[in-house]
Amino acid sequence: MKNAYDILAERGFLKQCSHPEELRELMGREKVTFYIGYDPTADSLHIGHYVALMTMAHMQRAGHRPIVLLGAGTAEIGDPSGKTDMRRMMTSEELDHNAACFQRQMARLLDFGGENAAIVDNNATWLRSLNFLEFMRDIGVHFSVNRMLTADCYRQRMERGLTFFEMGYMLMQSYDFLVLHRKYNCCLQMGGDDQWSNILSGADLIRRKEQKPAYALTTTLLATSEGKKMGKTEKGALWLDPARTSVYDFYQYWRNVDDADVANCMKLLTFLPLEEISALTASGADINAAKKTLALTLTAQVHGEAEAEKAKLAAEALFGGGGSIEHMPTVRLTAEEAARCGLRVTDLLVLCSLCQSKSDARRTIEGGGVFMDDEKVTDVYAAADAAKLPEGIILRKGKKGYVRVIIDD
RNA sequence: GGAUGGGUUCCCGAGCGGCCAAAGGGAGCGGACUGUAAAUCCGUUGUCACAGACUACGAUGGUUCGAAUCCAUCCCCAUCCA
């Protein structure tokens, strides 16, 4: 079987690693237990988490054992490495609920049963009961502030200000690694490259306290060829939960990625073989076909084949001719809702969340960007034809914002 | 705790008594061009019952015919000192 390290390397996941040769050799020789931490601050994962999940999946398929560490303990105080994170206390019910949602989404990629069953643990278990004095004595002594300040993430913050809390976060995350090492013999922590210092300091802590090897490895963040973060939509993050980001929108996001980013997305987000990816995205190849493959493959991975197929059909109906309108994004209104707004197009646009406000809707109409059943709406006061509504009218905003509106009796 | 400089619309950032729903840029949205791509050009970007009204320049009070702009108190942030 191929070495997992090589798989990650050739697909472009690897960013930094504390001991590349040593780790590679270890992965070739034995089953490695490794972990990635996830903060359960929402009830769904988003695409940023997905890259990390993919690394776990590749590792597990190569015979290693993953641990999903839920950061319920650290989530209680909020991760400071994002700039404006709200430090909201979460109830344990919320956290449990979120954790369950995470696990359900992860189960499509990770195997929670069987030989290398993925383990789920929660750092609240040990962080909550931590005694401050003991912690400072046992863990705190191993951290040099001088050294921490040379870390990139802190150096940048020196200009803007740095709280003790932020530095403490590093200790907690390092302590997590130590606990998992003792509990499961976990010797590798992976994560996004923004976590590099935190991960590295955890590996150092284990080496120092336990005199055992421990490794740190970070993966590239999902970014465009211009270095911008990917996975942002008008409505915020690109979520894996279809209630937050519809399957259609999810499909469309990937259908519309920049030409230059298709190959990278395929390598990081799908399991398509590398040869196939290079063939699909070679300079002479039909890049639009590649985008369709990316969209369909990834959507199927996240939402299942059937749902992905529906999204594809809807997209074809709207853009290519053919396909079927049956699965296109649909908004159902009650007769009462419809009556209340008098079927005015401005109101309908807002009800379908195509526009943010009636003023926005009005402006868009004035700018010539609204179509009803393929006819341009020119009058701000226009209303839909009530007779057509039971079977549905198609409202369009711009080139890509399609919604089918149906009134139920 | 002290000194100084700040808090403006999605973000950065100008404005410093009326002409301010607030310059400029970024980002977003719409149009043209395209390949459901990029680049470029044009328009637009608080809300609503939309030639008008209402709500907005950290918070609360005050001065004034009139305040983002002046005064007072408070809250936050940055830099230096302790």
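Bear in mind the structure is a predicted one, so any value in this text is a computation, not a measurement. Per chain, numbering begins at 1; letters A, B, ... match sequence-line order.
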With 3.5 Å as the limit, what N/O pairs link the protein to nucleotides 48-52 of chain B?
| residue | atom | partner | partner atom | Å |
| --- | --- | --- | --- | --- |
| B:C48 | OP1 | A:K358 | N | 3.2 |
| B:C48 | OP2 | A:S357 | OG | 3.4 |
| B:C48 | OP2 | A:K358 | N | 3.1 |
| B:C48 | OP2 | A:S359 | N | 2.6 |
| B:C48 | OP2 | A:S359 | OG | 2.7 |
| B:A49 | OP1 | A:K358 | NZ | 3.4 |
| B:C50 | N3 | A:R362 | NE | 3.1 |
| B:C50 | N4 | A:S359 | OG | 3.1 |
| B:C50 | N4 | A:R362 | NE | 3.4 |

Pairs in or reaching into residues 287-310 of chain A: which pass ring pair (Phe, Tyr, Trp, His ring centres under 6.0 Å), with residues at least two apart or in two chains? A:F250-A:H303
Residue set satisfying side chain to side chain donor-acceptor pair (under 3.5 Å) with A:K397, at least two apart, ordered chain then number -> none
Could you tell me the separation between the CD atom of A:E316 and the P atom of B:U36, rounded to a whole number of Å? 13 Å
Please compare A:G401 and A:Y251 by the position of their nearest nucleotide in RNA chain B and report the one closer to 5'. A:G401
Nucleotide paired to B:C80 in any strand shown, Watson-Crick or G-U, under 3.5 Å: B:G2
B:A39 versus B:A22 - spacing of their P atoms, nearest Å: 29 Å
Between B:C10 and B:A78, how far is it from one C1' atom to the other, in whole Å? 23 Å
Candidates B:C29, B:G35, B:G46 - which lies nearest the side chain of A:K397: B:C29
Would you please indicate if the ring centroids of A:F13 and A:H58 are separated by under 6.0 Å? yes
If you measure from the P atom in B:U36 to the same atom in B:C50, how many Å do you get, rounded? 38 Å
Suppose we screen for ring-ring contact (aromatic ring centres under 6.0 Å, His included). Which residues come up paired with A:H19, at least two apart in sequence or across chains? A:Y215
Rounded to whole angstrom, note down the C1' distance from B:G15 over to B:G6. 15 Å
Mind calculating the distance between CG (A:N288) and C1' (B:G35) to the nearest angstrom? 5 Å
Separation between the C1' atoms of B:C19 and B:G66, rounded to whole Å: 13 Å
So, using salt bridge (Lys or Arg N to Asp or Glu O under 4.0 Å) as the criterion, who are the partners of A:K267 when residues are at least two apart? none
Could you tell me which nucleotide pairs with B:A72 by Watson-Crick or G-U wobble geometry, both distances under 3.5 Å, or answer none if nothing does? B:U60
For A:K2, enumerate each residue passing the salt bridge (Lys or Arg N to Asp or Glu O under 4.0 Å) test, keeping only those at least two apart in sequence or located in another chain. A:E10
Paired nucleotide for B:U40 [Watson-Crick or G-U wobble; both distances under 3.5 Å]: B:A32
Gap in Å between the two P atoms, one belonging to B:A3 and one to B:U8, rounded: 24 Å
Value in whole Å for how far the C1' atom of B:U36 lies from CZ of A:F250: 17 Å
Return whichever of A:G369 or A:K292 has its heavy-atom-nearest nucleotide of RNA chain B closer to the 5' end. A:G369
Does some side-chain heavy atom of A:Q252 sit less than 4.5 Å from a side-chain heavy atom of A:Y248? yes
Is the NZ or CZ atom of A:R61 positioned over A:F271's six-membered ring, under 6.0 angstrom from the centre and within 45° of the axis? yes
Please give, in whole Å, the distance from B:U36 P to A:R255 CZ? 7 Å
When rounded to the nearest Å, what value does the distance between P atoms of B:A38 and B:G28 take? 10 Å
Strand partner of B:G46, provided both Watson-Crick or wobble distances fall under 3.5 Å: B:C54
Same-atom distance (C1') from B:C48 to B:A21, integer angstrom: 14 Å
Nearest to side-chain heavy atoms of A:D258, which nucleotide of B:C29, B:A37, B:U45: B:A37
Answer yes or no: does a side-chain N or O of A:K400 lie under 4.0 Å from OP1 or OP2 of B:G31? no
